**Student:** 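Submitted below is the structure of interest, expressed as structure tokens.
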Amino acid sequence: INMNSGGVAEEGEDENTDDSHLQLELSAFRAQWMSELLPGPRYGEAKRRLLGAADQKRRQELAREEEARELFLKAVEEEQSGAVYEAIKYYRRAMQLVPDIEFKINYNRSPDPDRVGGTYLAENEGDCEIDDLLAYFQHQLTLQSSTLKICEHEVETTQVHISALPTEVLMYIFRWVVSCDLDLRALEQLSLVCRGFYICARDPEIWRLACLKVWGRNCTKLPFSSWREMFLEKPRVRFDGVYISKTSYIRQGEESLDGFYRAWHQVEYYRYLRFFPDGQVMMLTTPEDPLSTVPRLRSRSTRLESVLFGHYRFSQDTDNQTKVYVVVAKRKEEKAEYQKSRFCRRNPVPEAEHSFHVGLQLSSGGRQRFNKLVWIHHSCHITYRSTGETVVTAFDVDKMYTPLFFARVKSYTAFSDRPL
């Protein structure tokens with residue numbers, strides 16, 4: 001009996017020891033759990049971050065609502081004064097910002113003219129206002145998100161949105177839009193998509209590369225304030241089309257066999273000049289109308305035999321007039337050899353080389369800029385291979401040399417071969 005009592009006592013001590021260990025582990029777990037629940041440095045930082053994001057979002061909403069309120073009140077004034085078209089523009093902008101803005105308006109308050117007419121509705125009429133609009137868009141994108149994003153998708157989609165691309169990749173896409181043909185018109189149209197695209201389209205590097213391609217590596221933007229202003233304001237030829245002139249005159253024909261009458265003929269022909277950004281130029285004189293000729297001048301590898309190829313350069317003399325000097329000649333054909341049994345036939349080498357030197361004055365006419373070229377010089381240079389002598393024949397620039405006017409051709413910039 002005594003032995004059994006001792007065994008029971010030992011078992012009771014073991015159970016008490018296990019219970020004490022379990023209580024210690026449980027107390028340690030509770031202490032760790034409570035320490036994790038108590039606010040610490042990380043908790044305070046996360047809380048501050050959340051409060052800061054909420055406060056920033058609240059400020060953005062208030063700023064957006066204030067802007068929409070000013071626009072809506074301005075629209076009401078325009079509608080009351082009878083300017084319905086202007087009122088619709090203000091209404092549309094206000095409801096794009098806050099769809100239910102009409103229910104949050106205090107109609108006893110008049111709009112602030114400085115805010116409505118300032119940066120909110122900047123128009124593209126001058127460089128100063130464009131700069132303000134650019135700064136305003138950059139400010140808005142900064143307010144919307146702590147991390148600057150070019151754009152955001154309006155509708156949820158399962159595909160990857162363009163806003164997910166890095167800025168560097170997006171700018172490379174914009175350089176493909178401009179292309180090696182300097183289609184800056186497409187870049188301006190792309191800037192109308194959204195505020196982010198507007199900012200990307202004003203990137204100075206794109207406009208700097210375009211200026212260097214037109215005026216060479218040594219050009220500077222002075223006295224212009226930006227590369228974009230230089231490209232838009234400095235006189236230059238245009239590349240997205242062709243310059244065309246039409247000349248017509250009446251020529252007396254031969255006398256009839258019976259001597260009763262003499263025929264008169266009306267002669268018409270066209271001159272075409274196509275410039276490229278790398279300094280190359282094509283010139284063509286033909287009686288064919290532009291409808292059939294212009295599409296064949298899209299590429300420099302045209303098969304028109306009468307096309308003259310050459311180069312051009314700009315010159316600004318003391319009279320502050322920009323002139324374009326062109327030198328063109330017939331494309332040199334490679335010697336063609338035809339091997340047949342033991343005989344070889346080659347194209348004969350011409351005894352003289354003909355080149356044409358043209359001087360044109362660049363000006364603007366009508367609403368378009370740099371769309372008119374006026375003849376100031378035209379001569380033919382003949383160089384004889386045997387003696388090396390060059391004979392120059394200058395033509396009188398008279399009324400037969402009608403000015404060339406620019407015509408934009410959409411197919412010339414429809415495809416992009418290389419990026420800017």
Side-chain angles (χ1 to χ4, degrees), residues 122 124-138 167-168 170-191 197-241 243 273-281 310-327 357-365 368-374 376-377 406 408 412-413 416-420:
N124 296 341
E125 296 177 355
D127 292 337
C128 180
E129 294 182 356
I130 290 179
D131 292 339
D132 292 341
L133 187 60
L134 178 62
Y136 169 69
F137 284 165
Q138 291 174 339
T167 307
E168 295 79 9
L170 196 61
M171 295 307 304
Y172 187 67
I173 296 175
F174 275 56
R175 289 176 56 188
W176 268 99
V177 172
V178 177
S179 77
C180 58
D181 295 324
L182 296 187
D183 187 13
L184 276 306
R185 178 187 176 92
L187 182 67
E188 292 293 299
Q189 292 177 337
L190 190 61
S191 68
F197 280 20
Y198 184 93
I199 295 174
C200 290
R202 296 300 188 273
D203 182 64
E205 182 63 18
I206 292 181
W207 295 94
R208 187 184 73 87
L209 293 175
C211 291
L212 295 182
K213 198 170 182 65
V214 175
W215 291 286
R217 295 287 178 180
N218 297 326
C219 72
T220 59
K221 66 180 180 180
L222 296 177
F224 302 98
S225 60
S226 65
W227 292 104
R228 180 175 181 272
E229 182 185 359
M230 175 180 175
F231 188 87
L232 296 178
E233 299 296 333
K234 189 173 181 178
R236 57 176 174 79
V237 293
R238 298 183 58 178
F239 311 111
D240 55 344
Y243 288 85
L273 269 175
R274 171 81 200 279
F275 295 93
F276 296 93
D278 58 354
Q280 302 296 314
V281 63
H311 59 275
Y312 69 93
R313 64 179 178 87
F314 297 107
S315 176
Q316 193 166 9
D317 298 335
T318 55
D319 56 357
N320 203 25
Q321 296 291 332
T322 301
K323 297 178 176 60
V324 185
Y325 292 99
V326 179
V327 179
H357 293 236
V358 176
L360 303 162
Q361 181 175 321
L362 183 62
S363 59
S364 301
Q368 297 184 2
R369 307 198 65 183
F370 322 129
N371 67 329
K372 185 179 179 181
L373 293 173
V374 181
I376 57 177
H377 174 75
F406 180 79
R408 178 172 170 264
Y412 286 0
T413 54
S416 180
D417 298 328
R418 297 188 306 276
L420 174 64

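Worth saying up front: this structure is predicted, and the values here are computed from it rather than measured.
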**Student:** Side-chain contact, heavy-atom cut-off 4.5 Å: Val237 with Val281?
**Tutor:**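 They are not in side-chain contact.
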**Student:** Listed by chain and number, what are the salt bridge (charged side-chain N to carboxylate O under 4.0 Å, His left out) partners of Asp203, not counting sequence neighbours?
**Tutor:**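 With neighbours one apart ignored, the set is empty.
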**Student:** Determine yes or no for a side-chain-to-main-chain donor-acceptor pair under 3.5 angstrom, with Thr413 supplying the side chain and Asp240 the backbone.
**Tutor:**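 Between the backbone of Asp240 and the side chain of Thr413 there is no qualifying donor-acceptor contact (under 3.5 Å).
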**Student:** Students often mix this up, so state it plainly: with edges at 30° and 60°, are the rings of Trp215 and Phe314 parallel, tilted or perpendicular?
**Tutor:**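 Taking Phe314 first and then Trp215, their aromatic rings sit tilted (interplane angle of 30° to 60°).
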**Student:** Check whether any side-chain heavy atom of Tyr325 sits under 4.5 Å from a side-chain heavy atom of His357, and report yes or no.
**Tutor:**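 Result no, sub-4.5 Å side-chain heavy-atom pair not found.
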**Student:** List the steps, then state whether side chain to side chain contact (heavy atoms under 4.5 Å, CB included) holds for Val214 with Phe239.
**Tutor:** CA-CA 10 Å; Val214 175; Phe239 311 111; 3.9 Å; yes
**Student:** Using the ring of Phe406 (Phe, Tyr or Trp, six-membered ring only), decide whether Arg408 places NZ or CZ under 6.0 Å from its centre and within 45 degrees of its axis.
**Tutor:**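 Negative - Arg408 is either too far from the ring of Phe406 or too far off its axis.
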**Student:** Report the C-alpha distance between Phe174 and Phe197 in whole Å, list the side-chain angles of each, state the deciding distance to 0.1 Å, and finish with yes or no for ring pair (Phe, Tyr, Trp, His ring centres under 6.0 Å).
**Tutor:** CA-CA 9 Å; Phe174 275 56; Phe197 280 20; 5.4 Å; yes
**Student:** Show, in sequence, the C-alpha distance, side-chain angles and deciding distance for Arg238 and Arg369, and conclude whether the side chain to side chain contact (heavy atoms under 4.5 Å, CB included) test is met.
**Tutor:** CA-CA 9 Å; Arg238 298 183 58 178; Arg369 307 198 65 183; over 6 Å; no
**Student:** Counting neighbours of NZ on Lys234 that are heavy atoms of other residues, nucleotides or ligands and sit closer than 6.0 Å, is the number greater than 12?
**Tutor:**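 Yes - once you tally the heavy atoms of other residues, nucleotides and ligands closer than 6.0 Å, there are more than 12.
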**Student:** Looking at side-chain heavy atoms only, is the closest gap between Leu187 and Trp207 below 4.5 Å?
**Tutor:**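 Counting from C-beta outward, Leu187 and Trp207 do come under 4.5 Å.
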**Student:** Has the side chain of Tyr312 got a donor or acceptor atom that lies under 3.5 Å from a matching backbone atom of Phe276?
**Tutor:**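 Checking the backbone N and O of Phe276 against the side chain of Tyr312, a donor-acceptor pair under 3.5 Å is found.
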**Student:** Quick check: do Leu362 and Leu360 have side-chain heavy atoms less than 4.5 Å from each other?
**Tutor:**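 Counting from C-beta outward, Leu362 and Leu360 never come under 4.5 Å.
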**Student:** Taking the side chain as every heavy atom from C-beta outward, state whether Phe275 and Leu373 have any atom pair closer than 4.5 Å.
**Tutor:**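 Sidechains of Leu373 and Phe275: in contact.
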**Student:** Give the intermediate values and the outcome of side chain to side chain contact (heavy atoms under 4.5 Å, CB included) for residues Glu205 and Met171.
**Tutor:** CA-CA 10 Å; Glu205 182 63 18; Met171 295 307 304; over 6 Å; no
**Student:** Strictly distance-based, threshold 3.5 Å: is any side-chain N or O of Arg175 a donor or acceptor partner for the main-chain N or O of Leu420?
**Tutor:**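 At least one qualifying donor-acceptor pair exists.
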**Student:** Taking C-beta and beyond as the side chain, do Leu212 and Cys219 meet within less than 4.5 Å on heavy atoms?
**Tutor:**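 SC-SC contact between Leu212 and Cys219 confirmed.
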**Student:** Between Arg185 and Glu188, is there a salt bridge with N-O shorter than 4.0 Å?
**Tutor:**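 The answer is no: the pair does not qualify as a salt bridge.
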